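A short write-up of the structure that comes next.
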Amino acid sequence: MTSPLKAESLEDLIGRWRTDLLANGATAAHTTAGEATLREHLAVLAAAGLEPEEAFLVALHRLAQGDDLTVKFARSYSGEAWAPPVAGAPERIADAGERREFWAMLGCAIAAALAFKAPELFGYDFNGDGAEFYALNLSFFVLPFLAGYFVWRRGVGLRVVAAMAAVFVVAAVVVNAYPFASGGASEVLAAIHLPIVLWLTVGVAHAAGEWRSDARRMEFVRFTGEWLITYVLIALGGGVLIALTIGVFEAIGLSASSFVESWVLPCGAMGAVIVSTWLVGTRRNLVGGMAPMLARVFTPLFAIMCVALLVGVIWTRGIVHVEREVLIVFDVLLVLVLALLLYGISARDRHAPAGAFDWIQLALLVSALGVDLFALMNIARRLTEYGFSPNKTAALGLNLLLLVNLAWSAFLQVGFLRSARGVESVERWQMRYLPVYAVWAAVVVVAFPPLFGFV
């Protein structure tokens, strides 16, 4: 049989597969997740040495497991009864590709773990005098290796790699060259905002350099949610294992606490970032099915929490006399709400009509807007009384960014519910607003310290 790839490009075939699935009733969310998995398989198979036509056939076979619509497309595409290639050379090479990906993941995870321990050779102790150094540089111990893993996996070009490397190098020089006051607000803000900048830089590698694509950004948002769930599950399992290990050693008269605290916990936390990424890619059907369900469960609960918290604070403290600690809680809640909204949008079927969950999302947006406006009133009052400081200015900027995002999102959501526009307008707005947070985080890291005298 002559391969259709002789006449069509790989992108054309992926487009045919996507169109076929949507025409046969697949949801947009299912198709998007499937396309990401298909592309990952193709990248691994190409790296293993398969020709494009072999890679596409084997990738279809792998994706077809548990996916009847892909099986149907595969039969139509091949022009013969679809039978998985169980003993052929392509499958053997594909297995070799999977092994290569596993070893690449393991190498990056070990490198991240060792990078975390490397500063101890120069006298930095993350439990002692080097705590501030570790707080500022935590991102550099793992995110460059995560970016490297994506560069290898996605085949990112040299120009994109150079641009990403420049971001990491400049960020490292800035935060380590600045003469921060020990424990000052500028140092704490830089430590909090730097991971945001670098995580979105990793997103460029995840998108294979196509960061301007809304679809690629949405896929990174979806990956972030699935990665977070996987990482938490690994952390919970690791916590149980560590507790059992310490208990067993103590039962036989040996202490493992110091080894666990110095090596197992920090190295495991760094390595798990890479391992979680690998698991999301190889077990996407499992994790990808769990994450949208969690978004649907927690969206109404967060909407209720926002309203209850707002009512409770006004009842006990009034409208403009709220303590700093309460405002911090409000901002943390708003960031979580935004993350929940982003993931809920990323997991939604574009072609499905408006339903109950969309009304719940509108309720969450409105309640979050109320919380944000309340926080802004109190921040303005504190600025009037005490003047500007790094923390208050950062809080003001964050809440203004959230106000714009939430207000326009609510407007677009109302338009969707009234059938005046499609849900893609909400998605497009969120994806195009995403870099604004990266720019603001970069401003806090780079401009705030000298602006406020490094205190």
Side-chain angles (χ1 to χ4, degrees), residues 102-149 168 171-173 175-199 202 224 227-280 282-283 287 325 328 332 445:
F102 171 80
W103 288 113
M105 174 276 295
L106 188 61
C108 290
I110 293 173
L114 293 178
F116 186 86
K117 298 296 292 183
E120 292 187 3
L121 298 174
F122 303 93
Y124 293 98
D125 180 7
F126 72 93
N127 283 323
D129 295 338
E132 291 183 5
F133 170 83
Y134 270 94
L136 277 173
N137 290 276
L138 187 62
S139 301
F140 300 116
F141 300 134
V142 62
L143 293 187
F145 300 103
L146 180 60
Y149 176 68
F168 277 101
V173 170
V175 298
N176 287 284
Y178 276 170
F180 289 109
S182 180
S186 295
E187 184 180 43
V188 173
L189 286 171
I192 292 172
H193 288 79
L194 180 60
I196 299 172
V197 178
L198 298 183
W199 182 259
V202 170
T224 299
W227 172 87
L228 181 61
I229 292 171
T230 306
Y231 189 87
V232 170
L233 292 175
I234 290 176
L236 292 173
V240 172
L241 179 61
I242 287 172
L244 288 174
T245 301
I246 292 175
V248 168
F249 273 88
E250 288 183 350
I252 61 175
L254 297 174
S255 175
S257 299
S258 116
F259 177 75
V260 167
E261 183 179 344
S262 299
W263 284 91
V264 177
L265 276 175
C267 293
M270 295 296 103
V273 173
I274 313 294
V275 175
S276 300
T277 299
W278 175 72
L279 286 173
V280 168
T282 57
R283 301 289 181 269
V287 182
E325 291 75 14
I328 292 174
V332 172
V445 172

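Computation of the quantities below employed the complete heavy-atom set of this structure, encompassing side-chain atoms and omitting hydrogens, waters and symmetry-equivalent molecules. In this text the structure is predicted, and so the values were computed from the model without any measurement.
The two residues M270 and L138 come nearest to each other via the heavy atoms CE-CD1, 3.8 Å. A pairwise comparison of heavy atoms in P195 and A190 identifies CD-O, 4.5 Å as the closest pair. The two atoms that bring I274 and C108 nearest to each other are CG2-CB, 3.8 Å, heavy atoms only. N137 and N176 make their closest contact through OD1-ND2, 2.8 Å (heavy atoms, listed as atom of the first residue, atom of the second, distance).
In this view, S139 satisfies the side chain to side chain donor-acceptor pair (under 3.5 Å) rule with no residue, not counting sequence neighbours. Looking at residues two or more places apart in sequence or on another chain, you find a side chain to side chain contact (heavy atoms under 4.5 Å, CB included) between I110 and L106, L114. Scanning for side chain to side chain contact (heavy atoms under 4.5 Å, CB included) contacts around S262 gives K117, with sequence neighbours left out. Not counting sequence neighbours, the partners of A269 by the side chain to side chain contact (heavy atoms under 4.5 Å, CB included) test are Y231. For E250, the side chain to side chain contact (heavy atoms under 4.5 Å, CB included) partners at least two apart in sequence or on another chain are I246, S257.
A donor-acceptor pair is defined here as one N or O able to donate and one able to accept, closer than 3.5 Å; no such pair exists between the side chain of Y149 and the backbone of W278. Under a 3.5 Å cut-off, the side chain of W227 and the backbone N or O of L279 do not form any donor-acceptor pair.
Pairs of residues two or more places apart, or lying in two chains, never qualify as salt bridge (Lys or Arg N to Asp or Glu O under 4.0 Å) while including a residue from residues 125-136.
Taken from CZ in F249 to OG in S255, the straight-line distance is 10.0 Å, to the nearest 0.5 Å. L136 contributes atom CG, which lies 12.0 Å from atom OH of Y178 (distance to the nearest 0.5 angstrom). Annotation: the span from L143 atom CG to L198 atom CG amounts to 6.0 Å, rounded to 0.5 Å.
Shown here is Y134, whose OH atom has more than 12 heavy atoms of other residues, nucleotides or ligands within 6.0 Å. Summarising the local packing, CZ of F168 is surrounded by more than 12 heavy atoms from other residues, nucleotides or ligands at distances under 6.0 Å.
A centroid separation of 6.0 Å or more is found between the aromatic rings of F133 and F126.
Residues L194 and F140 meet the side-chain proximity criterion, which asks for heavy atoms closer than 4.5 Å. Taking the side chain as every heavy atom from C-beta outward, T224 and L228 never approach each other to under 4.5 Å.
Between F141 and F116, the ring planes are perpendicular. Angles over 60° get that label, and only those under 30° would be called parallel.
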Inset, instruction - Assess whether side chain to side chain contact (heavy atoms under 4.5 Å, CB included) is satisfied between M105 and T277, documenting all intermediate values. - result: CA-CA 9 Å; M105 174 276 295; T277 299; over 6 Å; no

